[in-house]
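Protein chains get the first letters and strands the later ones, always in sequence-line order, with residue 1 at the start of each. Please read all numbers here as calculations on a predicted model, not as lab measurements.
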Amino acid sequence: MWDSIKEFASGFFVTGDPLIYGADVAIVMTLIAVVSVLTYFKRWTWLWREWLTTVDHKRIGIMYVIASLLMLFRGGVDALLMRTQLAVPNNDFLTPEHYNAIFTTHGVIMILFMAMPLMFGLFNLVVPLQIGARDVAFPFLNSLSFWLFFWGAMLFNMSFVIGGSPDAGWLSYPPLSEMSHSPGVGQDFYIWGIQISGIGSLMTGINFIVTILKMRAPGMKLFKMPMFSWSVLSSCLTIIMAFPILTVTLALLFIDRYFGAHFFTLDGGGNPMMYINLIWMWGHPEVYIVILPGFGIVSEVVATFSRKRLFGYKSMVFALMCIAVFSFFTWAHHFFTMGSGADVNIFFAISTMIIAIPTGVKVFNWIFTMYRGRVSFPTPMLWVMGLILCFVVGGMTGVMLSVAPADFQFHNSYFLIAHFHQVLIGGVVFSYFAGLYYWWPKVFGFKLNEKIGKWAFWLWNIGFYVCFMPQYAVGLMGMTRRVSTYGWDTGWWGMNLVSTIGGFIMGIAFLFQVWQILHSIKFMERDTTGDPWGGRTLEWSIPSPAPHYNFALTPIVDGRDPWWEEKLRRERGEAPKAQPPLEPIHMPKNSGIPFIMSFCWFLAGFGLVFNWLWIAIPGFIGVAACMLAHSFNYNTDYYIPVDEIERTEAAARGAV
Amino acid sequence: MKLTRGFRRLAVVLSLLGLAVMLSGCGEQFVVLDPKGVVGKHQLDLILITTGLCLIVVVPVIVMAFVFAYRYRNRAGSKADYQPTWEHNTKLELLWWGIPILIIVILGAITAHYTYKLEPSKALASDKKPIVIQVTSLDWKWLFQYPDQGIATVNYVEFPANVPVRFELTSDAPMNSFWIPQLGGQIYTMSGMAMKLNLMADEPGTYMGMGANFSGREFGKMRFDAKATTQAEFDNWVKNVKSTAPALTQEGYDKLAEQGTMGTQDYSSIPAGLFDKIVTKYTNGTVIHQHGGDASASTDMNDMNMEGMDMSGMDMSTSQSTTDAQSAHDH
């Protein structure tokens, strides 16, 4: 009995690596700490009532941001472990198996569990406020999306200590990801972690498309909509086209692995190329999904801090939509070197270059928004300046990679690694940071400390160039991605050492941001204006943090910068427009079903990973039961009475 | 001014970095920038042309961004123009839609030209007869077969300089990518396919070669030397291998294909039809064509070792017809 338990445990838990034992201890300690703090302060019902069951887009947004920052930490630690391993030649800090697992989880976590939720967090925090809505179109679905992401991410991260991590690369090409070459459970954790959170992503896409199309304030025609909302619309349209491809691809891979089918194996008539095409048909649009909202953020920040209208609005919208459409016609540039032939390669080379045109136009428009403006440089704007420099250079190396015959020399090398980190960090991360700093006071009612923020900004930027410029160089020296070690004879060590130093500078920069947040929570003054930056759009017209119904009166919009125009009218001393009387506000009720249903998905996924149907089947039954329960629940909404609105508004205004 | 101090700080860091790159570079370590073969040289030309064309846009953009940010910065008594409602100018916007379009048209045309010119399955112009080397990526080693010489090597490859080499590439393991940067760009090795890559070395030398695509645990060890020699040295080397090295048998190959790493190895002979057998191992005799490759190449590959081929369990007539059907479907 004891022996069989021991045997089971040694297979079930990941063993044999001190790093993982350390993580085990840390995880258990954190769990104990969380549970005891919640119990000691009697916060369990508060947690359930105010957060786990909430359907308020602002709270869901906050939870997305917290979760994604935790994932940024995890993915960042992965990155630093890799950089430590590569710092010197012939290093044996990590075994090749461990290294393979780490670069796989680093990629998956950074794209799917960090960038995506941070983006969804910003959607949730900003879009309804920006278009003058009281919530998203489907608040219940919104909560379900978040919890599916959360439990999907938990399932994926669990592989670190239980069963073993996936180690076939972030896109898991077959045949390496098939049962024949990856018989462990890591690959199944990969499939189910991504599947479960992917359903959530798809639903968020639908939710925000409907929100933006149907719930804009009266008078806000599409072409009067703020640019961030446009970018969210383009990104969500891309999501609903691209994510079903991912779902189907991973489902086919699962069928291959679980039922021994042959979709992606050569024996039995399948073909791995089919997987590679499918996964990039999702994978390439995916990177545009995460960068498009970044473009929107930069447009908002640049206009606000230049105290000037956004230049070339219609060009910008057209460019966003061009990018969303063209992103579906470039996927094969990820495998120019797989023998597609000259005609195919030329098509995909040129379609890729074409994307550079609308992207370049956006940069010109930002620059000409600053032209004849009054530009100030608090942290959000600093990040935008950092972004312009970094993203333009990253875009240039992207064009270099798109030249198919030249790509034969860049493909799979560190040149490529440096390129996509430059656009993903210099584009996506920098713009999301700009957005976080910019909208933080709207969400929490206080600004983040500027001084520590500037330290973080400079360390991030310096760290970035120190880390990734040498990687371009070492790519031209022939260093290929994913090698876990290299010899002295290669001449790669100098560049790698510098790169590692840069990586750690970025790690320190992240710590500065954590310090900045903690310091600001404790010491920063409350912003009582609701409009600390001199904003232009509707979200700045209401108190910070926004009351949970957002707008006491639905605003009526007549221009692209409604709040800016309103402020000008007030400055000119024009009498404010007559306001209709307050009416009771219709709001959705909280629900525990999204949390429970997503947890049932987690159980089902966990059961399928280990092929334990006694967990998987009850999990699926739970999912079905939750659906039924929600279908027959008619008690889903309520009205906020006028006197409560008046009290809330008075309290918020009273602070002014 | 706080801001300018910041930018100056950044400039110092960047220039120090540039210096570090140049000092540690010493030229020849940048193998992609130091090609020793005709394909690699064309690719380098293309890289330089692209860089130049991109810089036409990138440099002014960066300069403008920082000049405008500085000139229009918010300060008391600024004399710079301030037009808070200036939001549109058709001429300017046409200009920055137009210039990138123009550059992409030029770059697209250059790319198309070079893509046809450097199509890896196309034979290189030379008055010498190409030498054929059949490459198989295994878990985690490279097998090189010389069908005309009847020898094989593991983890190093040797060929005469100034003679075109036609590599035929396949895999008996998860896909990998065959890359000798100084001779030219890479091509994937994939099961079920015999991909072609034509390269030629301009001068004798030992060039770094590697498996560029992740293929499992020890893929990082799949580096190999590509030795270009004179014709005489090559002939000597072949003779030497033929007389001293052991033979590669089918059993020997099966053992070689097992997971693991090893050093270099020579073989004085190869089992007949081994490469074709590896190519079709997982596909019941079907060859999946590389697009753009000359269709005849795979036919003569089937013919080439016909007489020695192990025909048991393999119906060549159906395999031939599926090959055609497949290729008709693919194109």
Side-chain angles (χ1 to χ4, degrees), chain A residues 96-97 169 175-176 181 266-267 307-309 311-312 315 337-342 344-346 349-350 353-354 357 360-361 363-364 367 370-377 385 388-389 392 396 399-400 403-406 408-409 411-412 462 465 469 473 476-478 480 482-485 491 494, chain B residues 3 13 17 21 24 29-33 43 46-47 50 54 58 61-62 64-65 68-69 72-74 81-87 93 96-97 100-101 104 107-108 111-112 114-116 118-119 174 177 181 185-188 191-192 195 208 210 212-214 216-217 220 282-283 290-292:
Chain A
E97 289 97 327
L176 194 57
H181 290 88
L266 280 172
D267 47 334
R307 303 177 61 77
K308 183 164 165 281
R309 285 191 190 158
F311 194 85
S315 257
T337 54
M338 285 187 181
S340 316
V344 174
N345 278 1
I346 289 171
I350 291 177
M353 292 172 193
I354 285 174
I357 299 167
V361 166
V363 178
F364 278 115
I367 293 174
M370 292 193 281
Y371 184 73
R372 296 181 184 166
R374 276 283 175 273
V375 195
S376 50
F377 297 94
M385 296 306 295
I388 290 177
L389 176 64
V392 164
M396 166 174 154
V399 173
M400 292 172 69
V403 177
F408 282 61
Q409 288 282 39
H411 185 76
N412 273 335
I462 293 167
Y465 291 101
M469 295 301 117
L476 295 175
M477 291 178 181
T480 48
R482 293 170 174 173
V483 291
S484 63
T485 186
Chain B
L3 191 71
V13 171
L17 212 69
V21 170
S24 70
Q29 274 178 356
F30 288 88
V31 284
V32 172
L33 306 182
Q43 282 164 334
L46 194 52
I47 291 170
T50 319
C54 286
V58 165
V61 165
I62 292 174
M64 262 190 329
F68 289 178
Y72 295 101
R73 71 195 185 281
N74 188 23
D81 234 359
Y82 177 46
Q83 297 184 4
T85 56
W86 188 65
E87 59 172 343
E93 283 178 70
W96 58 69
W97 278 95
I101 288 176
I104 295 303
L107 188 58
T111 302
Y114 271 94
T115 307
Y116 285 120
L118 295 178
E119 167 57 38
S177 190
Q186 64 198 288
I187 275 286
Y188 271 68
S191 304
M195 306 269 276
M208 175 169 67
M210 60 202 87
N213 188 61
F214 177 58
R217 195 179 71 220
Y282 302 98
T283 55
Q290 175 180 9
H291 292 258

Checklist line | Contacts of type salt bridge (charged side-chain N to carboxylate O under 4.0 Å, His left out), residue B/Asp81, not counting sequence neighbours | finding: A/Arg372

Item checked: Over all atoms of both residues, closest heavy-atom pair of B/Thr50 and A/Val399 -> CG2-O, 4.2 Å

Note to self: Checking the side chain of B/Glu119 only, and the main-chain atoms of A/Ala342 only, is there a donor and an acceptor separated by less than 3.5 Å?
What the structure shows: yes

Notebook entry, point to check: Does the side chain of A/Met353 reach to within under 4.5 Å of the side chain of B/Thr111, using non-hydrogen atoms?
Noted result: yes

Check: Can a donor-acceptor pair be found between the side chains of A/Asn412 and B/Tyr188 at a distance below 3.5 Å?
Finding: yes

Margin query: Any side-chain to backbone donor/acceptor pair from B/Tyr82 onto A/Arg307? Under 3.5 Å, distance only.
Written below: yes

Notebook entry, point to check: Who are the side-chain hydrogen bond (donor to acceptor under 3.5 Å, both in side chains) partners of A/Asp267, not counting sequence neighbours?
Noted result: A/Thr265

Notebook entry, point to check: Hey, do the aromatic rings of A/Tyr371 and B/Trp86 have their centres closer than 6.0 Å?
Noted result: yes

Margin query: Let's test your reading of the structure: which of A/Gly478, A/Gly360, A/Pro175 forms the most heavy-atom pairs below 4.5 Å with chain B?
Written below: A/Gly478

Next item on the list: Go through the steps to decide whether B/Glu93 and A/Phe311 satisfy the test side chain to side chain contact (heavy atoms under 4.5 Å, CB included), and finish with yes or no.
Entry: CA-CA 10 Å; B/Glu93 283 178 70; A/Phe311 194 85; 3.9 Å; yes

Item checked: Pairs of heavy atoms under 4.5 Å with chain A: top-ranked of B/Gln43, B/Gln83, B/Met64 -> B/Gln83

Next item on the list: For residues A/Val375 and B/Asn74, determine if any side-chain heavy atom of one lies less than 4.5 Å from a side-chain heavy atom of the other.
Entry: no

Margin query: Between B/Gln186 (side chain only) and A/Gln409 (backbone N and O only), is there a donor and an acceptor less than 3.5 Å apart?
Written below: no

Item checked: Between CD1 on residue A/Ile346 and OG1 on residue B/Thr115, distance to nearest 0.5 Å -> 4.5 Å

Next item on the list: Say whether, by atom type as modelled, one donor and one acceptor occur between the side chain of A/Lys308 and the main chain of B/Thr85 under 3.5 angstrom.
Entry: no

